[in-house]
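Input: a single structure, listed below in structure tokens.
All residue numbers in this chain count up from 1 along the given sequence. Keep in mind that the numbers below use all heavy atoms, side chains included, and drop hydrogens, waters and symmetry copies. Just follow the structure's listing: the first ligand is 1, and inside any ligand the first atom is 1. It should be emphasised that the depicted structure is a prediction, and the values quoted were computed from it without experimental measurement.
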Amino acid sequence: MESLIVLINTIQRACTVVGDHGGDSNALSSLWEALPSVAVVGGQSSGKSSVLESIVGRDFLPRGSGIVTRRPLVLQLHKTENGTEDYAEFLHLTNKKFTNFSLVRKEIEDETDRITGKNKQISSIPIHLSIFSPNVVNLTLIDLPGLTKVAIEGQPETIVEDIESMVRSYVEKPNCLILAISPANQDIATSDAMKLAKEVDPMGDRTFGVLTKLDLMDKGTNALDVINGRSYKLKYPWVGIVNRSQADINKNVDMMVARRKEREYFETSPDYGHLATRMGSEYLAKLLSKLLESVIRSRIPSILSLINNNIEELERELDQLGRPIAIDAGAQLYTILGMCRAFEKIFKEHLDGGRPGGARIYGIFDYNLPTAIKKLPFDRHLSLQSVKRIVSESDGYQPHLIAPELGYRRLIEGSLNHFRGPAEASVNAIHFILKELVRKAIAETEELKRFPSLQIELVAAANSSLEKFREESMKSVLRLVDMESSYLTVDFFRKLHVESQNMSLSSPTATIDQYGDGHFRKIASNVAAYIKMVAETLVNTIPKAVIHCQVRQAKLSLLNYFYTQISQSQGKQLGQLLDENPALMERRMQCAKRLELYKKARDEIDAAVWVR
Ligand SMILES: Nc1nc2c(ncn2[C@@H]2O[C@H](COP(=O)(O)OP(=O)(O)OP(=O)(O)O)[C@@H](O)[C@H]2O)c(=O)[nH]1
């Protein structure tokens, strides 16, 4: 049965290691707070330290005037085999065994000062001390600062309330047994410990009343009213204690001798003799140990369910935070490549369907390009005046005899030049859509969210590839336009020539206007028809070039350059790409530590329950 206290001790120590000592524990339900404990509460000089030392059978607590206990002391007692030597261990000094208990006292003082400073502040961060001895029972007690009424020199005025609220934060937990120490030589109605205990445990269900200094009561008086529960009713019987007096302490009276003297006091006391078996510090320790065991046993189901809830919550959070990053370069490279692939997959889904974006590319070819071509200013270029001017400039001093061959070429070349604008605009429009899709895909890649530096690098690498694709695409579409100027479609003009000959045979009057306005209008309409034919071709071929050079390339090789570079990177550069937000890293570390604690605690409790 004792194994349960040992188990709770282990979990308590582990809680302190992961920073869970109640209060703020990063939004998780604190395991520390759920663990049953015994808190020692009392006013200054009530005899708190003496009771603890008496239970342990050792002289080890700091003494002095003012507020000596300024941090909670979690005192875990472990019973060892008879004949073994007593020793103590601190959680903050692992692997150091103290066999000299005056050094334990010194270490408690030093460790208190390490956190609170020398100016007598208080802190809620507990000190963990384990004592191993054949003279103790398995028990855990938390020694808290003595309740006080006035601050001493050098202490902040708020210290009185600070101490009370710290003590209250322990004793108000329903899992906390309150060891309320009151001196018998003071009126119980004025006891600080009982005042607080009554507030947080009005029914007295979890309060142990301990009456010290019975030997210091005025002659002829006794504390039977209190001890018998007549003055103050509690669920458990009051326990009277006789500790070492100040004179005993000064004379270094051994604790074992003090225990014996205490036994003798009760056995021979006319007032308390009949209660002797239920009085004294040894009895108190056994009683507490038994009770703590039974409280722990009754709380195990709720502790387990709290642990399981916390495990679920932590696992969920860790999933969101992502797994920790490996330290070796190979694993880092693998992680980065994995994220790149995830990003590329999302980017392709935007293009191929499944995610929005690809349809906008079709919109450019289906609407913007044809509309822009339709709006080209061919009317102006092929107006009667412009045609006359271009044809006569091409003729030079010798007007054309049959057909203005050079004039046609110049008119066509001039018109074709207009196609460059919509061709360039198509390339640029697709470029911007692709850039936007890169941005979206980066934002949608869950895995990348933790790594702002890698996101920036990937966007830069993708954009520089897109820039290269844009240049290629620009060259290709302009080449398509230039190709139309380089070689005109012969058949088109041959057919025109045959048609005009047929017309002049069927209508002889037409030849009269051979070199008048009608002739130039005819030239304009022939050129317009040719340009229309070219426009129909380009509306089809420009999208093909753009898709081939930009969209297809983006799908195939958006990150190729990045991959080449990264495969040559050293560990440090890879590490820089994976530099996470430090707060996030810290949080993950904390979650992982806690998860480990909770899983271990669950397994240990499970095992203990089965052994039982
Ligand atoms: N005669 C006698 N003296 C006691 C008894 N209990 C405590 N004392 C003395 O009372 C004084 C205060 O005892 P402590 O154990 O230091 O009391 P405390 O509550 O820990 O005091 P602070 O740490 O100052 O808050 C010491 O001089 C003890 O020797 C007792 O049962 N009988």
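Ligand 1 places these atoms under 4.0 Å from at least one heavy atom of D215: 1 (N), 2 (C), 30 (C), 31 (O), 32 (N). Near G43, the atoms of ligand 1 lying under 4.0 angstrom from a non-hydrogen atom of the residue are 19 (O). Ligand 1 places these atoms under 4.0 Å from at least one heavy atom of G47: 7 (C), 13 (O), 14 (P), 15 (O), 17 (O), 18 (P), 19 (O). Listed by atom number, the atoms of ligand 1 under 4.0 Å from Q246 heavy atoms are 26 (C), 27 (O), 29 (O). Atom numbering of ligand 1 starts at 1 in the shown order; those under 4.0 Å from a heavy atom of V242 are 31 (O). Heavy-atom proximity to S245, at under 4.0 Å, picks out these atoms of ligand 1: 1 (N), 2 (C), 3 (N), 29 (O). Annotation for ligand 1: atoms under 4.0 Å from non-hydrogen atoms of K48 are 15 (O), 17 (O), 18 (P), 19 (O), 20 (O). Within the listing of ligand 1, atoms 16 (O) sit less than 4.0 angstrom from a heavy atom of R63.
Contacts between I249 and ligand 1, counted as non-hydrogen atom pairs separated by less than 4.0 Å, involve the side chain only. Of the heavy atoms in D248, none comes closer than 4.0 Å to ligand 1. Contacts of R244 with ligand 1, taken as heavy-atom pairs under 4.0 Å, involve the backbone alone.
With sequence neighbours left out, the side-chain contact (heavy atoms from CB on, under 4.5 Å) criterion links D86 to R58, F101, S133, P134, N135.
Across A193 and V41, no two heavy atoms sit closer than the pair CB-O, 3.6 Å. Taking both residues in full, the closest heavy atoms of T116 and R71 are given as CG2-CG, 3.9 Å, listed atom of the first, atom of the second, then distance. Nearest heavy atoms, F208 versus L234: C-CD1, 4.3 Å. Nearest heavy-atom pair across K173 and R206 is O-NH1, 3.1 Å.
The backbone N or O of A223 sits less than 3.5 Å from a side-chain atom of Y272, completing a donor-acceptor pair. Remark: the backbone N or O of M217 is not paired with any side-chain donor or acceptor of T221 at under 3.5 angstrom.
Checked against a 3.5 angstrom limit, the closest N/O atoms of Q44 and ligand 1 fall outside it. Checked by distance only, ligand 1 and L216 stay at 3.5 Å or farther apart across all their nitrogen or oxygen atoms. In terms of N/O distances under 3.5 Å, ligand 1 is approached by S49. On a distance-only criterion, S50 and ligand 1 share at least one N/O pair closer than 3.5 Å.
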Verdict with reasoning, E53 to R244, per salt bridge (Lys or Arg N to Asp or Glu O under 4.0 Å)
CA-CA 10 Å; E53 286 183 330; R244 289 183 306 171; 3.7 Å; yes

Test N310 against R594 for side-chain hydrogen bond (donor to acceptor under 3.5 Å, both in side chains), laying out the working first.
CA-CA 9 Å; N310 278 356; R594 275 180 183 234; over 6 Å; no

ring-ring contact (aromatic ring centres under 6.0 Å, His included) assessment of F60 paired with F98:
CA-CA 11 Å; F60 68 100; F98 288 77; over 10 Å; no

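A heavy-atom separation below 4.0 Å is not found between G42 and ligand 1.
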